[in-house]
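Structure first, commentary second.
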Amino acid sequence: MKSALMKGVVALLLLLIPVLAAPLPARAAVTVGENFSNPATESRARNLQRQLRCLQCPGESIDESHSPFAADVRHLMRQQIAEGKSDQQIRDFLVVRYGDSILMKPPIQPSTWLLWLGPFLVLGVGGAVAAVVIKKAAAREG
Amino acid sequence: MIGELGQVSLCFALALSLVLAASGLMGARVSNTVARTVATSSAMGLLVFVALAFGVLTYAFVVSDFSVALVAEHSHTLKPLVYKISGVWGNHEGSMLLWVLVLALYAAMVAGLKRGGERLTSAALGVQGLVAAAFLLFILFTSNPFLRLDPAPFEGAGLTPLLQDPGLAMHPPMLYAGYVGLSAAFSYAAAALMVGEQGWARAARPLMLIAWIALTCGIALGSWWAYYELGWGGFWGWDPVENASLMPWLIATALLHSALATEKSGAFRTWTLLLAIAGFSLSLIGTFLVRSGVLSSVHAFASDPARGFFMMVLIALAIGGALALFAWRAPTLQGGAAFAPVSRESALVLNNVFLVASCACVFVGTLYPLVLDAINGTKITVGPPYYALTFAPIFFALLLLVPFGPVLGWKRADLKAGWRALYPALGLAGVAAVAVLAIVSPRGLAVTGAFAVAAWLIGASLLDIRRRKGARASAFAAALAHAGLGISLLGVAGTTAWRSELLTVMAPGQTAIVGPYTLRFDGVTQEKGPNYVADRAHVALMDGGKVKAMLQPENRFYPAEGQDMSDTAIRTTGLRDLYLALGDDRGGGRYALRAYVSPLAPLIWLGGLVMALGGILSLWGRIRVKEAEPKPAAPAVALAAE
């Protein structure tokens, strides 16, 4: 009898584990609240939100994310917009605070030159090789 | 008991894959018909045993056998049957088993179709066997799906609700059929290097096409799923997981084009081989990125280093081995086709340059943050703005050039005649640009350009179809595939430029306007699904005073998994989507609501389907022509028909 009770308790605990270990909600960010009444300012804020990445949920922008972190950042940057800071000032502020990885667009600096130029380098080298290949083939064609 | 059957099947499969590798490679070297017979039957046997193992695992999921650890961790008795089945590949171990199943399927197809010479087929089977053996070892040693749990728990932990969706149930099998399918091209290429056979490109083409079609559909399906499931209306996020499927697609597309020239005139022989190797290598790298956990964080990777390390060695061996073989044998292939600078061949060279550069862009963008972090701990994000500045212009240039390919003849063509043939399409592009500039707003340069290029592509495809009237179905494959690109581009441009959005809190009875639609919020009811409870919003789409339709976006809670999930409501006219997502409860019956109107959004995926249809036509032609070989497969429709 007693062991049946124990089994029941263990089963109940096992059932509870996933509930207790609940990860972040995967729900769309439908946040309303601190919107600017001026549509131009609001669209500027939304635009800026899209350029920032949520550091808690990879792949989502501050604009889309439902996480508390994203909500904080939205609050913070909207405060700064209200204070009259420029987009660049706000971005700089966030970078100092959270690092470069908050920017969706990687910074252009010596360590990212290869990132920015790599594709065009491949295109250039590919183009040169293509020119040689075509020229050789044309020579054979006569 | 049933779990052990799966385990035993996997062991048999491993043994057969080793036999396949040995006999296949032996059959390539000597005129040993016995080895070839053994290779053919072990390829079939491999498929049987991997399928058996997969079937056993599926059975364990269906009957909720929680004594199998994997089932206990990823399933639940209350889950609907379809998600019990899709749960098989909704986890690491099961998805690796699916991976090997697809690999075995392609090995069986190589054996069954017997295209190309006997030695070539045998060597290709041998390579396929090597890859299968490596991945079966990986599964058995690091990712065994049949491990037992004692005592078996009373209930399973469930499947993450994000994966409990029909789109995502189908997405992984489709994607795997695509990028694991590139293994066939890889095996044929390696085989061609070993036996020095020239005809491999024709032999491999049907399987390349099947892989490409599946990959195209898989990517479209994944993008569609992200659109309706993630709740923010985006269709492509340049997420590393998405990129992992896009890279093989770009190279497979380049391969299909290059192989065409190789088949036709023997041009680009070594390059086509290299592309076949690169395509599957990128599939392997993609599998590594997604499966090792290195993407989500370096810590996920470190938490189970055995898997990542094993896979890294495996990939290094496969890619390194293939490249070494290439370096050793490729120079012996006689190459050097002759063609004029203005010709179909030259157009295909350009096609490949742009496709490879776009792939390089995705490759660099995906791996750079990982590499930089590993080198000096610098953390950066490579997000959509990066791809807008690099991938977009390169791919755009490619799209501009696409219509020239089909109007230029092989060997030597007339550029002026080609231009003349395209004039109507150019006119259509001009009309589209003017229309965008004159009628709609906002009317940025990018939107105008995108619409003009889309019209250019679709117009050129229509001309191509008219020119080939009366030819057999497969002659229209390229036209359809290229038109599909244009249709997708229309969708992307329309929804990016003209999406309207409404973000609001509504009380029951309130109305709101988004784009051309008037919405009335009729409140929220509590509903009970099979394994979730939901807040279901009732939103009426109004037409004058009448209700035209009801939309019911939901927020679901899955108690077994303890997770929230939103379920969007989409109403489409085929040309425009109305998209609703429900937000949180604001008290007093008031709810936050997000509504989008996305013009032309459905075209994004329709374009993908049209592209795949193009592939299917081409495949159809190949199968029909098989009896009539070795006649050239594609009818040379000359421009002279103008």
Side-chain angles (χ1 to χ4, degrees), chain A residues 7 10-12 14-15 17-33 35 46 50-51 53 58-61 63-64 66 99-107 111-112 114-116 118-124 126-127 129-130 133-142, chain B residues 153-155 157-158 161-162 230-232 234 237 239 267 296 336-341 345-346 349-350 353-354 356-358 360-361 364-365 368 372 378-386 390-391 394 411-412 503-505 555 559-566 568 581-584 592-594:
Chain A
K7 265 187 189 164
V10 168
L12 202 70
L14 276 174
L15 265 178
I17 287 173
V19 180
L20 297 174
L24 290 169
R27 189 190 280 176
V30 182
T31 38
V32 203
N35 298 0
R46 296 294 308 282
R50 276 191 277 269
Q51 297 169 24
R53 190 178 73 111
E60 281 187 291
S61 75
D63 192 50
E64 298 143 12
H66 201 69
D100 281 333
S101 58
I102 197 163
L103 298 176
M104 278 288 191
K105 181 177 164 182
S111 69
T112 59
L114 195 61
L115 170 70
W116 282 101
F120 299 103
L121 227 59
V122 171
L123 189 64
V129 172
V133 167
I134 292 173
K135 209 170 153 193
K136 272 191 180 165
R140 274 190 292 266
E141 172 81 358
Chain B
F154 175 71
E155 184 54 280
L162 207 59
L230 297 185
W232 47 272
D239 185 76
S296 48
F339 53 86
E345 283 90 337
S346 299
V349 172
L350 284 184
V353 169
F354 281 101
V356 169
S358 355
C361 180
V364 174
Y368 212 84
L372 206 58
T378 310
K379 288 186 171 43
I380 59 163
T381 298
V382 179
Y386 167 80
T390 53
F391 183 88
I394 295 173
K411 289 271 179 202
R412 179 179 291 275
L503 195 58
T504 185
V505 174
N555 276 335
E561 296 84 1
Q563 287 183 28
D564 285 317
M565 191 62 220
S566 69
T568 57
L582 182 63
D584 39 349
L593 202 69
R594 179 174 268 198

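Any value given below was found using the heavy atoms of this structure, including those in side chains, with hydrogens, waters and symmetry copies removed.
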message: Taking the side chain as everything from C-beta on, heavy atoms only, tell me whether B/F391 gets closer than 4.5 Å to B/Y386.
response: no
message: Using a 4.5 angstrom heavy-atom cutoff, name the option from A/I134, A/V122, A/L123, A/L115 with the most pairs to chain B.
response: A/L115
task: Check whether any side-chain heavy atom of B/C361 sits under 4.5 Å from a side-chain heavy atom of A/F120, and report yes or no.
output: no
task: Would you check if the side chain of A/T112 reaches a backbone N or O of A/P107 as a donor-acceptor pair within less than 3.5 Å?
output: yes
query: Can any side-chain N or O of B/E345 pair as donor or acceptor with the backbone N or O of B/K411 at less than 3.5 Å?
result: yes
query: Relative to chain A, which of B/S346, B/A360, B/S358, B/A340 shows the most heavy atom pairs under 4.5 Å?
result: B/S346
Atom group of A/L114 that falls short of 4.5 Å from chain B, counting heavy atoms: both
- prompt: Ion pair present between A/D63 and A/R46, side-chain N to carboxylate O less than 4.0 angstrom?
  reply: yes
query: So which part of B/I380 gets closer than 4.5 Å to some heavy atom of chain A, the side chain, the backbone, both or neither?
result: both
message: I'd like to verify something: which residue of A/A137, A/A138, A/A139 has the highest number of heavy-atom pairs under 4.5 Å with chain B?
response: A/A137
task: Report the option among A/G124, A/G127, A/S111, A/A130 that has the most heavy-atom pairs separated by less than 4.5 Å from atoms of chain B.
output: A/S111
query: Is it the backbone or the side chain of B/Y368 that comes under 4.5 Å from a heavy atom of chain A, or both, or neither?
result: side chain
field: Flag for A/S61-A/R50: side-chain donor and acceptor within less than 3.5 Å
entry: no
